[in-house]
Each structure stands twice: as structure tokens, then as C-alpha cells.
A.B. asks: 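The structure follows.
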Amino acid sequence: MPELPEVETTRRGIAPHLLGQAIRSAVVRQSQLRWPVPELDRLLSGRVVKAVERRAKYILIRFAHGTLIVHLGMSGSLRVLPAGSPVRKHDHVDLLFADSCLRLHDPRRFGALLWAESDPLNHPRLRHLGPEPLSDDFDGAYLQAAAHGRRLPIKSLLMDGKVVVGVGNIYATEALFRAGIHPQRASQRISGQRLGHLANEVKTVLTYAIERGGTTLRDFVSESGQPGYFAQELFVYGRAGQPCKRCGTAIRTRQIGQRASAYCPNCQH
DNA sequence: ACAGTAACCTGTTTGC
DNA sequence: TGCAAACAGGTTACTG
């Protein structure tokens with residue numbers, strides 16, 4: 001899926017179209033996503049959107065009587081379209097407003113729609129999540145405490161949502177390059193100073209990617225259908241075999257925690 | 001508690 | 001050219 005910058009780009013894009021608007025009806029064409037989709041038409045008809053927020057990679061669409069929690073999985077996208085736009089394959093869910101439509105498209109169906117009657121942050125799927133990477137709760141001292149005694153590769157630690165949310169394969173890969181840390185290094189064998197550097201690079205790369213509207217990926221388009229512009233600025237992700245932009249050494253990849261992990265064997269230790 | 005792996009599902013790319 | 005294998009942004013659940 002979209003990682004945090006793509007989710008935040010989506011949230012910012014759809015929010016102004018939804019705020020204060022009443023839902024006329026909802027259509028569920030495919031209810032088998034990651035978990036069964038709730039009966040949205042019954043839950044949402046006539047209800048007004050009060051806020052559109054984000055926690056981790058979940059988008060929270062708040063109403064007076066509860067919150068619709070949206071996760072885009074690996075291949076999901078949310079777009080605001082004119083009412084009556086033709087339905088494509090994998091257009092699973094529509095929320096219909098007076099003259100527009102919020103549409104969930106998700107070929108792989110790893111996405112999810114959940115309903116929370118009370119505080120969505122207490123929903124079982126959100127309750128145990130770690131801090132937001134761009135908050136003050138995530139810093140070098142926090143990362144040092146999280147890494148203490150852990151033999152797990154640092155890349156896997158960064159991608160563990162109980163440690164910190166929103167850091168997926170692309171941005172974990174990029175932050176580790178920028179911090180000069182080998183993705184497979186055991187977490188406990190990295191100095192506090194280097195972990196501090198890493199925490200800062202996570203913030204930097206995510207902040208910059210959000211400014212640029214996310215990374216261009218095969219299936220990702222923002223709510224307006226425009227691709228992001230971060231892809232051309234990636235240092236190592238997706239660049240296996242190509243020269244390192246810093247030293248010229250060929251970028252390598254290896255599997256870490258079942259995910260392809262690109263790194264520069266000269267710049268990262 | 002921790003670390004590693006399989007699983008969910010479909011589309012696209014790669015390799016023979 | 002054709003077909004099958006490998007691979008893709010994420011997260012949960014199971015194993016030892």
C-alpha cells in the first residue's frame with residue numbers, strides 16, 4: 001500500500017470534499033476485503049462527515065455516531081469522483097454525496113473498512129500501535145529503548161507497527177541509507193547516536209515525501225488521480241544493480257523479513 | 001517475549 | 001511469442 005505519505009496525501013485530498021457533507025447512500029459491491037465490510041448504507045445514510053483524520057496508515061472518517069476506519073492495504077486508493085462515474089473492476093465501495101462519490105478501489109483486497117462506535121483509537125486494530133513517526137514521542141531515545149536487547153534486523157524493527165507506525169518498505173529502506181546503517185544490522189548493535197540519526201532521517205524522508213505528494217508507484221494515485229513525485233528522488237529503493245548516487249557502488253538487495261531490501265554495500269554498515 | 005514464516009489476493013514483470 | 005514463476009506498497013496469525 002501506500003505508505004504514510006501516500007495515506008496522508010489521500011487524507012488531505014479527500015477531506016475538503018467530505019467535511020460537512022451528508023452521505024445520501026453507500027454501495028458495497030465487494031464485501032470481502034481483509035475483513036468483512038460493515039453494512040455501510042445502514043450505518044451512514046443521512047450522516048454528516050465531521051472530520052477526516054489519520055492514525056498510522058488508517059484514515060478516520062468521523063461522524064457524530066461513530067467512525068469509519070479505512071485502510072488501503074497494498075493496492076488501495078480512495079478518490080473523489082463526480083456522481084455517476086463509470087464503475088471499473090475492483091471499485092469495491094462508494095459513499096455517495098449530493099453530487100460526488102468517494103470510491104474505494106483495491107485490486108488486491110488487502111484493504112479494510114472498519115466501524116468504531118466509540119473511540120476509534122481504542123479499536124482492536126489500532127489500540128496497540130506505536131507512536132507516530134512525526135510526533136515528538138518518536139526520537140533517538142525512544143528508538144534506543146525499543147532496540148535494546150533486540151537481535152531483530154533494524155529494518156524489521158522500523159517496520160514493526162508496535163515500535164513506530166507508518167514506516168513501510170520504501171521509507172525504511174531510504175531512511176536506513178540516509179543514516180548509513182545496513183538494513184540487516186541487529187538492532188541492539190547500533191549505537192544510541194546512530195539510532196538518533198536514524199530517527200531524524202525517518203522524519204526527514206517522510207516529511208519530504210508528504211510535501212512531494214507521495215511516491216509514484218504502480219497502483220498509487222492521489223485522490224485527484226495525480227501521481228506523486230518522490231520516486232525520482234529515491235536513493236536505493238527499486239535501484240538494484242544501479243550505481244549508488246553517493247559513491248557509485250552497485251546497489252544490492254537481499255531479503256529481510258520477507259521483503260526486498262535495497263542497500264549500498266559501501267555506504268551502509 | 002522474541003524471531004521467523006506463511007497467509008490473505010490480483011496484476012505486472014521477468015525469465016525460460 | 002507464450003507460459004509460468006517471481007514479485008509488489010501491509011498486516012495478522014501461527015510456529016518454535
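Residue numbering restarts at 1 for every chain, and letters A, B, ... go by the order of the sequence lines.
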A.B. asks: So, under a plain 3.5 Å distance rule, would you say the side chain of A:Arg259 forms a donor-acceptor pair with the base of C:dA8?
C.D. replies: no
A.B. asks: Let's test your reading of the model: under 3.5 Å, does the base of B:dC9 pair with the side chain of A:Arg108 as donor and acceptor?
C.D. replies: yes
A.B. asks: Would you kindly give the CZ-to-P distance between A:Arg55 and C:dG10, to the nearest whole Å?
C.D. replies: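 These atoms are roughly 16 Å apart.
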A.B. asks: Write down the distance between CD (A:Gln255) and P (C:dA6), rounded to a whole number of angstrom.
C.D. replies: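 That distance rounds to 12 Å.
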A.B. asks: To the closest 0.5 Å, what do you measure between CG (A:Leu129) and CG (A:Leu121)?
C.D. replies: 9.0 Å
A.B. asks: Considering only C:dA13, C:dA8, C:dG10, which nucleotide approaches the side chain of A:Asn169 most closely?
C.D. replies: C:dG10
A.B. asks: Identify all stems in which DNA chain B takes part, counting only runs of at least 3 consecutive pairs (Watson-Crick or G-U wobble, each distance under 3.5 Å), and give each as one range with another, ordered by first number.
C.D. replies: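 Stem segments, range with range: B:2-8 with C:10-16, B:10-16 with C:2-8.
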A.B. asks: Distance check, C1' atoms only: B:dT12 and C:dT11, in whole angstrom units.
C.D. replies: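 Going atom to atom, C1' in each nucleotide, I get 22 Å.
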A.B. asks: Would you call the rings of A:His71 and A:Tyr58 parallel, tilted or perpendicular if under 30° counts as parallel and over 60° as perpendicular?
C.D. replies: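 Perpendicular: the ring planes of A:His71 and A:Tyr58 meet at over 60°.
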A.B. asks: Check whether any side-chain N or O of A:His71 sits under 4.0 Å from OP1 or OP2 of C:dT11, and answer yes or no.
C.D. replies: yes
A.B. asks: To the nearest 0.5 Å, what is the distance between CG on A:Asp41 and CZ on A:Arg24?
C.D. replies: 13.0 Å
A.B. asks: Send over the distance from A:Trp35 CH2 to C:dA13 C1', rounded to a whole Å.
C.D. replies: 11 Å
A.B. asks: What's A:Ala260 touching, base or sugar-phosphate or nothing? Going by heavy atoms closer than 4.0 Å.
C.D. replies: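 Here A:Ala260 touches the backbone only, sparing every base.
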A.B. asks: State plainly whether one hydrophobic cluster holds both A:Val236 and A:Ile256, where clusters connect Ile, Leu, Val, Met, Phe, Trp and Tyr through side-chain heavy atoms under 4.5 angstrom apart.
C.D. replies: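 A:Val236 and A:Ile256: separate clusters.
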A.B. asks: Taking the side chain of A:Glu3 as heavy atoms from C-beta outward, which of B:dT10, C:dT12, C:dG10 is closest to it?
C.D. replies: C:dG10
A.B. asks: From B:dG11, B:dC9, C:dT11, pick the nucleotide closest to the side chain of A:Pro107?
C.D. replies: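 Nearest to the side-chain atoms of A:Pro107, counting from C-beta on, is B:dG11.
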A.B. asks: For A:Lys89, answer base if it contacts any base atom (sugar-phosphate contacts may also be present), sugar-phosphate if it contacts only those atoms, and nothing otherwise; contact means non-hydrogen atoms under 4.0 Å.
C.D. replies: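 It contacts sugar-phosphate atoms only.
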A.B. asks: Return a single string for nucleotides 2-7 of chain B, one symbol per nucleotide in 5' to 3' order, where B is base contact, S is sugar-phosphate-only contact and - is none, cutoff 4.0 angstrom on heavy atoms.
C.D. replies: SSSBB-
A.B. asks: Tell me the interatomic distance from A:Asp106, atom CG, to B:dT10, atom C1', rounded to whole angstroms.
C.D. replies: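 Atom CG in A:Asp106 sits about 10 Å away from atom C1' in B:dT10.
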A.B. asks: Under 4.5 Å between side-chain heavy atoms, counting indirect links through other Ile/Leu/Val/Met/Phe/Trp/Tyr residues: same cluster for A:Leu95 and A:Ile14 or not?
C.D. replies: yes
A.B. asks: Can you classify the ring geometry of A:Phe177 versus A:Phe235 as parallel (below 30°), tilted (30 to 60°) or perpendicular (above 60°)?
C.D. replies: parallel
A.B. asks: Among C:dA13, C:dA8, C:dG10, which nucleotide sits nearest the side chain of A:Tyr237?
C.D. replies: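 Selected nucleotide: C:dA8.
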A.B. asks: Measuring to OP1 and OP2 of C:dT12, would you say a side-chain N or O of A:His128 lies under 4.0 angstrom away?
C.D. replies: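 It does not, given that no N or O in the side chain of A:His128 lies less than 4.0 Å from OP1 or OP2 of C:dT12.
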A.B. asks: Picking from A:Val28, A:Leu33, A:Val27, what satisfies side-chain contact (heavy atoms from CB on, under 4.5 Å) with A:His92?
C.D. replies: A:Leu33
A.B. asks: Between B:dC8 and A:Phe110, is there a base-stacking contact, meaning the centre of the base's six-membered ring lies under 5.5 Å from the residue's ring centre while the planes stay under 30° apart?
C.D. replies: yes
A.B. asks: Do you know which of A:Arg29, A:Arg88, A:Arg79 makes salt bridge (charged side-chain N to carboxylate O under 4.0 Å, His left out) with A:Asp94?
C.D. replies: A:Arg29
A.B. asks: With sequence neighbours left out, which residue pairs that include part of residues 116-125 of chain A fulfil the side-chain hydrogen bond (donor to acceptor under 3.5 Å, both in side chains) condition?
C.D. replies: none
A.B. asks: Within a strict 4.5 Å, meaning less than it, do heavy atoms of the A:Arg212 and A:Pro5 side chains meet?
C.D. replies: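 A side-chain contact is absent here, since even the closest heavy-atom pair is not under 4.5 Å.
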A.B. asks: Using atom P in both nucleotides, what's the gap between C:dT1 and B:dG11 to the nearest angstrom?
C.D. replies: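 Per the computed distance, 24 Å lies between those P atoms.
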